[in-house]
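Inspection log for the structure reproduced underneath, given as structure tokens.
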Amino acid sequence: MSEHVRVLLTEKEVDDRIQAIGDQINKDYAGKQVHLICVLKGGSFFLCELAKRITVPVSLDFMYVSSYGSNTQSSGVVKIVKDLDDPIKDKDVLVVEDIVDSGRTLSYLLEMLRERNPKSLRLCTLLDKPERRMVDVQVDYTGFQIPDEFVVGYGLDYDQRYRNLPYIGVIEFEE
Ligand code: IMP
Ligand code: MG
């Protein structure tokens with residue numbers, strides 16, 4: 001069986017959209033410092049591109065959570081592999097994610113962060129698959145809503161590969 005990646009969103013489309021989200025964040029956080037929390041590993045490419053376009057003061061932290069489950073489905077049981085380095089109390093926190101799928105990972109994560117009493121807590125995701133939602137999650141900034149297909153690139157992997165693609169593609173399997 002061979003794998004083939006069909007382009008869903010080109011590099012230019014993704015970059016233009018990230019610029020637009022950056023512009024919106026700059027307006028919404030004017031006069032504030034935004035504390036970006038990257039959810040590793042998938043959110044890392046989006047975080048870098050987004051952070052470069054933010055002009056208000058930025059600080060960064062990283063968190064690594066793994067959700068038990070198969071390659072293509074999360075179970076909702078989330079394990080913190082790497083916690084944040086710094087407290088988020090009284091900070092304007094913006095969580096940066098690659099994709100909201102069932103919503104299970106994010107709903108768990110946001111609840112946990114809320115208990116640490118940030119001044120504000122918002123969510124920014126590059127991709128959203130609304131058809132797959134099992135748990136309600138409020139998304140404040142969305143790059144693209146996409147259909148229910150398994151995508152790779154721009155940080156998203158299939159079995160740890162394809163994260164480095166500079167575009168978003170759908171993985172297809174051929175005999
Ligand atoms: P959720 O808990 O179902 O929302 O799952 C979110 C996580 O599943 C994401 O952070 C990704 O790591 C992974 N995921 C969901 N859909 C895809 C996809 O289409 N491609 C690659 N990873 C995905
Ligand atoms: Mg992720």
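As the structure lists them, so they are numbered: ligands from 1, and atoms in each ligand from 1.
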(message) If the cut-off is 4.0 Å to any non-hydrogen atom of Ser102, which atoms of ligand 1 fall inside it?
(response) 1 (P), 2 (O), 3 (O), 4 (O)

(request) Answer yes when Asp90 and Arg116 have at least one side-chain N-carboxylate O distance shorter than 4.0 Å, and no when they do not. (result) no

(message) Using the ring centroid of each side chain, check whether Tyr162 and Tyr154 are separated by less than 6.0 Å.
(response) no

(request) Please determine if Val151 has a nitrogen or oxygen closer than 3.5 Å to a nitrogen or oxygen of ligand 1. (result) yes

(request) State if Gly42 counts as touching ligand 1 under the rule of any non-hydrogen atom under 4.0 Å. (result) no

(message) I need the contact type for Met134 against ligand 1. Using non-hydrogen atoms and a strict under-4.0 Å cut-off, is it side chain, backbone, both or neither?
(response) neither

(request) Considering only NZ, NE, NH1 and NH2 on the basic side and carboxylate oxygens on the acidic side, decide whether Arg53 and Glu49 come within less than 4.0 Å. (result) yes

(message) Under 4.0 Å, counting heavy atoms only: does Leu106 come that close to any atom of ligand 1?
(response) no

(request) Run the numbers for me: atoms of ligand 1, each under 4.0 Å from some heavy atom of Thr105, listed by number. (result) 1 (P), 2 (O), 5 (O), 6 (C)

(request) Identify whether the distance between the nearest side-chain nitrogen and carboxylate oxygen of Arg161 and Glu3 falls below 4.0 Å. (result) yes

(message) Would Val152 count as being in polar contact with ligand 1, using the rule that some N or O on each side must be under 3.5 angstrom apart?
(response) no

(request) Using a strict 4.0 Å cut-off to heavy atoms of Asp101, name the atoms of ligand 1 that fall inside it. (result) 1 (P), 3 (O), 4 (O), 5 (O), 15 (C), 16 (N)

(request) Please step through salt bridge (charged side-chain N to carboxylate O under 4.0 Å, His left out) for the pair Asp101 and Arg133, ending with a clear verdict. (result) CA-CA 6 Å; Asp101 186 34; Arg133 198 73 87 254; over 6 Å; no

(message) If we set the cut-off at 4.0 Å for heavy atoms, which region of Arg132 has an atom near ligand 1: side chain, backbone, both, or neither?
(response) neither

(request) Return the option from Glu149, Arg104, Glu97, Lys129 holding the heavy atom at the smallest distance from atom 16 (N) of ligand 1. (result) Lys129

(request) Spell out, yes or no, whether Leu126 and Tyr64 are grouped together once hydrophobic residues are joined by side-chain heavy atoms under 4.5 Å, including indirect joins. (result) yes

(request) Give a yes or no on whether a salt bridge exists between Lys89 and Asp86, defined as a side-chain N under 4.0 angstrom from a carboxylate O. (result) no

(request) Check each atom of ligand 1 against the heavy atoms of Asp157 and keep those under 4.0 Å away; list them by number with element. (result) 21 (C)

(message) So, applying side-chain hydrogen bond (donor to acceptor under 3.5 Å, both in side chains) with Lys12, which one of Asp15, Asp16, Thr10 is it?
(response) Asp16

